[in-house]
Amino acid sequence: MTQTQPKPVEGTGAFDPRIVAFVCNWCTYAGADLAGTSRLQYAPNVRIIKLPCTGRIDPLFILKAFEGGADAVLVSGCHPGDCHYTSGNYHARRRWTLFRGLLELTGIGPERLHFSWVSAAEGQKFADLINDVTEKVRQAGPFEPANPARRRPWK
Amino acid sequence: MARVGVFICHCGENIGRTVDCPAVAQAAAQMPGVVTGVDYKYMCSDPGQQMIKQAIKDKKLTGVVVAACSPRMHEPTFRRAAAEAGLNPFLLEMANLREHCSWVHEDRPQATRKAIDLVRVMVEKVKRNGELHPISVPVEPTALVIGGGIAGIQAALDIANGGKKVILVEKSPSLGGHMARLSETFPTLDCSQCILTPRMVEVAAHPNVTLMTYSEVTKVDGFIGSFEVTIRQKARYVDPATCTGCGACYQKCPVKKIPSEFDAALGPRTAIYTPFPQAVPNKPVIDAEHCLMLTKGKCGVCAKVCPTGAIKYDDTDTEVKVKVGAIVVATGFELWDHSAYGEYGGGRLKDVIDGFQFERLASASGPTVGEIRRPSDGQVPQTVVFIQCCGSRDASKGVPYCSKICCMYTAKHTILYRHKVHDGRAVVFYMDVRAGGKGYDEFVRRAIETDGAEYIRGRVSRIYRRTDGKLIVKGADTLAGVPVTIEADLVVLADAIVPRAGADTVAQMLGIAYDTNRFYSEAHPKLRPVETATAGIFLAGACQAPKDIPDSVAQASAAAAKVLGLFSQPELEREPIVARVNEASCVHCRACIETCPYRAIEDFDIKDRQGNLIRTVARVNEGLCQGCGTCVAVCRSNSIDLDGFTDEQVLAEIATLE
Amino acid sequence: MTTIGYYPGCSLHGTGRELDMSIRALAEVAGADLKEIEDWNCCGASAAHSLNHDLAVALPYRTLALAEEQGLTEVLAPCAACFSRLKGTAVRLSRSPDLAAKMQGITERPYKGTVRILSIIEFVNRLLKEGLAGKLTAPLGGLKVAPYYGCLLARGKDIVEGDDAEQPTAMEAALAAAGCAVVPWNFAVECCGGGFSMSMTDAVVDLSHAILADAEEAGAQAIVTGCPMCHSNLDMRQQTINAAGLGPHDLPIVYLSEIMGLAAGLEPERLGLNRHFVDAMRVAERSA
Amino acid sequence: MEIERLRTDAAALLADGRAKMVIGFRTRGQARVPAFVTDPEQTADLVYDAACRLNLAAYLRKTELLRFRPVAVVARPAAMRSLAILAAEAQLAAGDVLVLAVDDDAYHGVLDLPGTVALLKEKYADLPHDAEVLKQIEAIAAMTPDERAAFWTEQFAKCTRCYACRAACPMCYCQRCIVEKNVPQWISTAARGHGNYAWNVIRAFHLAGRCTECGACEAACPQGIPLMLLNIALACNVDDAFGTAAGYDLEAKPVIGSWSPDDNEDFIR
């Protein structure tokens with residue numbers, strides 16, 4: 001891990017989760033922009049990776065994030081019917097249905113993997129989402145050492 | 001060896017207040033592959049851009065990261081600057097320090113840490129960016145306009161006058177839309193039909209316009225520059241070619257009691273009909289639902305009386321496919337159904353009518369030839385109550401938004417009424433009077449001061465019909481702070497403006513977005529008000545939001561200008577974000593082909609010199625591919641990748657977050 | 001035999017005796033067992049919620065908690081005000097766990113939210129479904145009635161479920177079943193002046209007069225209500241209204257439960273019809 | 001088991017050239033191994049019994065065998081379903097393959113692909129999942145996430161990345177498996193923690209809506225990793241979510257690669 005891992009909140013020794021978010025460019029990224037232009041404050045624990053569409057999100061992206069030690073992964077895109085590419089999010093939805101089942105069975109539970117639809121108009125929803133996910137993960141605690149996908153140094 | 005330049009923008013205080021920009025610049029300068037990291041007050045300003053251009057030249061940069069506002073804001077600006085400095089614009093990326101960091105966090109150290117992460121992500125990405133070159137696709141210089149109301153007519157005329165072909169599709173039998181139903185228009189009180197019908201005739205007669213009334217768009221494929229559109233022409237049962245529009249048929253038609261859509265059900269029409277006398281085209285159609293010949297197989301009067309034998313009972317729907325380069329959506333609005341308001345009689349009180357019904361009562365071409373007579377008993381109402389915001393600004397029962405035009409047309413209604421019934425009393429209940437617009441407030445003042453409309457600020461709580469036929473209207477005067485009861489003869493509700501029924505299905509067919517109220521979404525609320533997020537599809541009129549006539553016409557002309565701009569080049573350049581297949585490793589399982597929302601991936605046969613098939617693989621059609629990348633994620637052997645968002649780039653981004 | 005919790009509230013022990021009598025009688029005919037909540041307390045209507053929100057919620061909360069404790073899953077609150085307070089509280093609690101916790105603290109009683117509150121109208125319709133319909137042996141021979149809901153039996157989207165607050169119809173089926181003809185009229189949900197019955201009597205006089213007048217206009221031979229406040233305002237005040245030179249009115253005001261009782265062949269006295277200010281016994285004559 | 005009829009049919013297919021090769025089973029000691037028969041004479045060696053667990057459909061996409069098409073293959077129901085999927089995924093054309101259809105009790109003769117699918121629908125519609133495996137899946141589902149992680153970490157730790165599972169699976173026909181892609185490196189090839197987790201999870205995921213539960217992968221695993229737990233859990237998931245079972249339709253759309261507007265989304269907020 002590099003120096004960029006958020007350190008515990010100053011003063012409190014509380015655990016500060018690291019969350020990787022994969023979002024689509026047209027809805028959720030724009031929703032995050034709206035949260036910004038509306039000056040909505042939310043937890044600083046999430047790092048967004050922008051993709052054109054949730055359809056582009058390869059399940060392996062999610063694995064890679066966990067490999068790298070993310071405490072949780074958030075995936076978010078356009079509401080059904082709103083996809084800029086008409087059906088990318090529908091394809092993604094199917095993929096997630098099956099992939100999350102597989103991850104859950106193998107030890108990456110729902111508290112580690114979150115999904116949502118956030119439209120370009122839902123700045124508030126985005127802020128609430130980030131706060132809520134961060135809080136849930138904070139309660140779940142660090143994913144170390146349980147994380148079965150984690151890359152670990154040679155012993 | 002990558003040589004990346006990182007430029008941190010303070011955005012005045014916007015970023016600088018919460019993010020320690022110099023610290024971010026320093027951290028960036030230390031990142032592998034970064035040769036310069038600097039911060040500046042306003043990167044988007046001219047000196048800021050100069051700074052970037054200079055660095056590209058002096059430091060021979062192979063990639064640039066601008067850490068500033070959202071790429072949705074200034075990515076084009078900075079990419080243009082990069083291009084001017086001789087760097088391929090797609091070698092520049094933006095880190096969103098403003099919307100995604102400084103504006104949403106307060107803690108300076110935390111925000112600064114996050115900012116450094118955001119920069120690192122983009123540095124690692126940009127190191128793996130490849131030069132991309134815009135893809136040019138041919139433009140079919142024909143526009144499709146959906147909707148033959150004033151907005152559609154205006155857009156079609158402007159495009160046609162610009163020398164480009166237009167296909168104007170209207171679902172009803174005639175052009176004109178709602179405007180044709182209005183009596184007079186605010187704030188000038190000029191006769192609606194007098195100003196509209198010439199336009200209807202002009203557009204129908206225009207050599208560049210193909211008019212398709214009584215038709216609906218049923219399917220849209222393709223993309224900007226070349227949409228494939230399927231249009232269904234409903235059976236008219238009257239051959240427009242031979243029909244002379246003499247009208248003998250509808251004078252003789254025995255089915256006379258069908259409520260006229262045009263007259264808002266206040267007047268009747270026949271089964272074979274033209275919606276109104278000035279209809280364009282002025283050729284009747286047969287309403288198959290009510291025609292005796294088509295339902296019961298007996299009658300045939302119209303066929304007998306038709307001098308040119310234009311009646312064709314065996315007519316059927318036909319489908320045509322057309323290719324267009326751009327689409328203007330002008331599907332308009334309808335009125336909210338006030339039967340949800342039990343307190344206003346739940347739609348069961350005959351003399352509680354909506355705005356269009358009043359327009360028809362006031363219209364010289366209406367069922368009462370312009371005399372205000374109430375539906376129940378045809379009496380001339382001595383007291384008329386007008387209620388604004390019926391359904392509007394009522395999140396619980398109606399719609400949350402303001403319908404914008406009701407204040408004005410209600411004022412117009414009071415004036416029209418007072419002009420026709422001099423001793424009549426016009427009472428208006430309002431929440432606010434919103435009369436923003438040229439000559440609008442003056443018009444409302446005129447209604448109140450010159451034409452004596454009584455304006456009462458407050459809501460009406462109940463309307464009921466007394467046995468003597470009077471409508472008892474109970475409300476509150478919130479300025480005087482007293483309850484008021486008015487004995488009215490007619491009540492006119494200013495119902496909310498809502499999108500056409502089925503607007504959402506049309507949107508899904510077109511692949512454009514719509515908001516929670518089903519109004520179509522513009523690409524940007526301020527800077528791109530007539531474009532949709534789907535390239536090549538534009539909006540005009542009330543399908544995007546409640547609008548009055550001048551606004552609709554203005555937006556229609558704006559949409560036309562966009563279309564003409566698009567058509568000004570034989571080819572257009574598209575962002576080169578497209579998928580590519582690695583044919584060496586593709587095993588042709590066809591998963592991507594099944595997946596592609598644009599049917600942009602095709603089977604491709606690899607042949608040897610003799611033309612013998614070696615094997616078949618998937619191949620992306622650059623013209624069709626829109627760059628969503630859905631195919632990339634379904635490819636098991638990972639044989640597809642997406643320019644601009646390659647696996648290598650994304651994995652590098654993820655890796656920085658460890 | 002279905003057991004339904006019973007919350008009479010203060011009215012039914014005072015001005016609303018007939019309502020209490022007729023409800024109990026009706027339940028007996030229908031074979032429903034009304035189990036009065038032990039140690040129930042005031043619902044807080046009209047006073048508490050204008051003074052102290054916590055008190056206004058805590059009072060009904062305690063009653064609900066008791067009902068749950070006593071194993072009751074449904075509670076009938078015949079008085080419209082009691083119904084509104086109890087149901088309103090239940091709705092608020094279901095929405096806010098914090099509020100529930102707070103109330104548990106104040107009253108030192110747990111409440112899981114398992115109790116369903118029935119209004120008099122829901123109660124009657126329920127009995128009809130469960131066999132009362134078959135026992136209506138003495139229909140009222142087309143007695144013209146104006147169903148009067150007033151405010152509390154019609155309003156509050158989540159309190160009064162499945163009816164239009166502006167145009168309620170919940171009583172009509174029952175009245176038809178009882179052999180009444182429902183007249184179309186305009187004042188079904190107008191205010192009778194309930195809360196001002198004592199404090200601003202003259203306001204009540206005007207409001208109640210308007211209601212009576214419209215019912216008479218519409219040809220009603222009686223007004224049917226489910227609310228003790230409405231009842232006292234319309235029944236008790238008719239003399240005052242007439243004395244004020246409005247009217248004259250002479251219109252029986254009867255409870256839904258009384259009408260149903262009559263239709264079920266119960267003696268008018270047992271339903272308390274003889275206790276009205278405006279003679280209501282004539283209504284009974286219609287049933288045979 | 002009418003093995004003689006199978007042999008005669010096989011011989012006939014080769015003799016009159018309807019098939020260039022018959023892929024079946026023969027015995028080697030106690031073991032049952034695949035037989036690649038091109039000479040009618042050799043069909044006498046063909047055997048079939050409950051011990052024949054391999055899914056011979058796996059050989060149809062091996063490049064070295066492509067030239068022997070049309071090929072006839074001995075297939076039990078699970079393998080027949082594999083063939084249907086291969087056809088749906090454009091890996092087999094109608095004329096490429098004939099099926100010598102067998103199950104544990106009987107030999108059902110020579111069938112073309114449509115015939116095979118007809119037989120599947122008629123006799124083997126909704127085959128039950130392995131009950132024993134289902135029980136284990138439930139047991140694992142009952143664990144806490146951390147316990148599950150521990151369980152699988154231990155299982156995957158055994159993986160030597162020999163890829164026998166992949167070789168045995170008819171659905172793993174990619175020329176260049178994702179695990180061999182190194183620019184970028186998707187899945188670490190080192191036989192240890194994260195690489196093993198990613199490999200086994202992704203291998204299973206790539207079978208979503210495609211696994212016919214033939215068991216060949218688990219049977220082939222020298223380390224005894226319970227791969228069928230993953231495969232069957234996923235197959236159940238596919239069935240619950242999208243109501244489809246793999247391999248009963250030659251034109252089936254891929255489960256991943258198609259969608260329906262009313263797909264479940266209660267896990268998305």
Side-chain angles (χ1 to χ4, degrees), chain B residues 124-125 127-128 130 504-505 507-509 581-597 599 601-606 612-619 628-642 645-656 658, chain D residues 60-63 66-67 69 82 84-93 96 166 169-188 194 198-199 201-211 244 246 249-262:
Chain B
E124 287 309 313
K125 179 178 191 210
K127 284 200 261 179
R128 291 157 179 83
D504 38 9
T505 43
Q508 283 154 20
M509 175 182 71
V581 175
N582 172 353
E583 291 172 0
S585 60
C586 170
V587 281
H588 192 241
C589 71
R590 305 191 86 256
C592 55
I593 296 172
E594 297 290 349
T595 298
C596 179
R599 298 183 212 89
I601 311 183
E602 299 144 0
D603 302 304
F604 177 76
D605 293 336
I606 300 178
N612 312 315
L613 174 67
I614 300 171
R615 55 195 190 90
T616 308
V617 295
R619 179 172 278 190
C628 66
T630 308
C631 55
V632 183
V634 297
C635 180
R636 289 183 292 271
S637 65
N638 213 248
S639 301
I640 316 183
D641 216 335
L642 181 66
F645 295 89
T646 62
D647 292 329
E648 212 182 334
Q649 289 170 306
V650 179
L651 263 53
E653 293 178 56
I654 300 171
T656 62
E658 297 183 5
Chain D
L60 293 184
R61 287 289 308 158
K62 305 283 181 221
T63 25
L66 290 178
R67 62 196 175 89
R69 290 180 175 182
S82 305
I85 301 167
L86 287 171
E89 294 180 357
Q91 301 304 304
L92 288 176
D96 287 346
R166 183 177 74 190
C169 178
M171 290 304 117
C172 285
Y173 54 74
C174 291
Q175 295 299 312
R176 196 263 338 260
C177 175
I178 185 162
V179 78
E180 275 128 22
K181 181 162 185 184
N182 51 12
V183 185
Q185 181 86 59
W186 277 99
I187 299 173
S188 162
H194 64 288
W199 160 250
V201 168
I202 291 301
R203 185 204 61 81
F205 184 68
H206 280 184
L207 292 175
R210 308 169 70 232
C211 176
T244 53
D249 175 2
L250 295 175
E251 269 87 44
K253 298 245 169 288
V255 165
I256 289 187
S258 55
W259 57 274
S260 147
D262 40 29

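What you see below is based on every heavy atom in this structure, not just the backbone, and it leaves out hydrogens, waters and symmetry mates. Chain naming here is simple, since letters A, B, ... match the order of the sequence lines and numbering starts at 1 in each.
With sequence neighbours left out, the side chain to side chain contact (heavy atoms under 4.5 Å, CB included) criterion links D:Q91 to B:C589, D:R61, D:L86, D:E89, D:Y173. Every residue two or more places apart in sequence or in another chain that forms a side chain to side chain contact (heavy atoms under 4.5 Å, CB included) with D:N182 is listed here: D:Q185.
With a 4.5 Å cut-off on non-hydrogen atoms, B:N582 touches chain D through its side chain but not through its backbone. Heavy atoms of D:R210 lying under 4.5 Å from chain B belong exclusively to its side chain. Contacts between B:S639 and chain D at a heavy-atom distance below 4.5 Å involve backbone atoms as well as side-chain atoms.
Side-chain N or O atoms of B:R128 include none that pairs as donor or acceptor with a backbone N or O of B:E653 at under 3.5 Å. Panel note: side chain D:R176, backbone D:K181; no donor-acceptor pair is recorded below 3.5 Å.
In terms of heavy-atom pairs under 4.5 angstrom with chain D, the leader among B:I593, B:D647, B:T595, B:T646 is B:D647.
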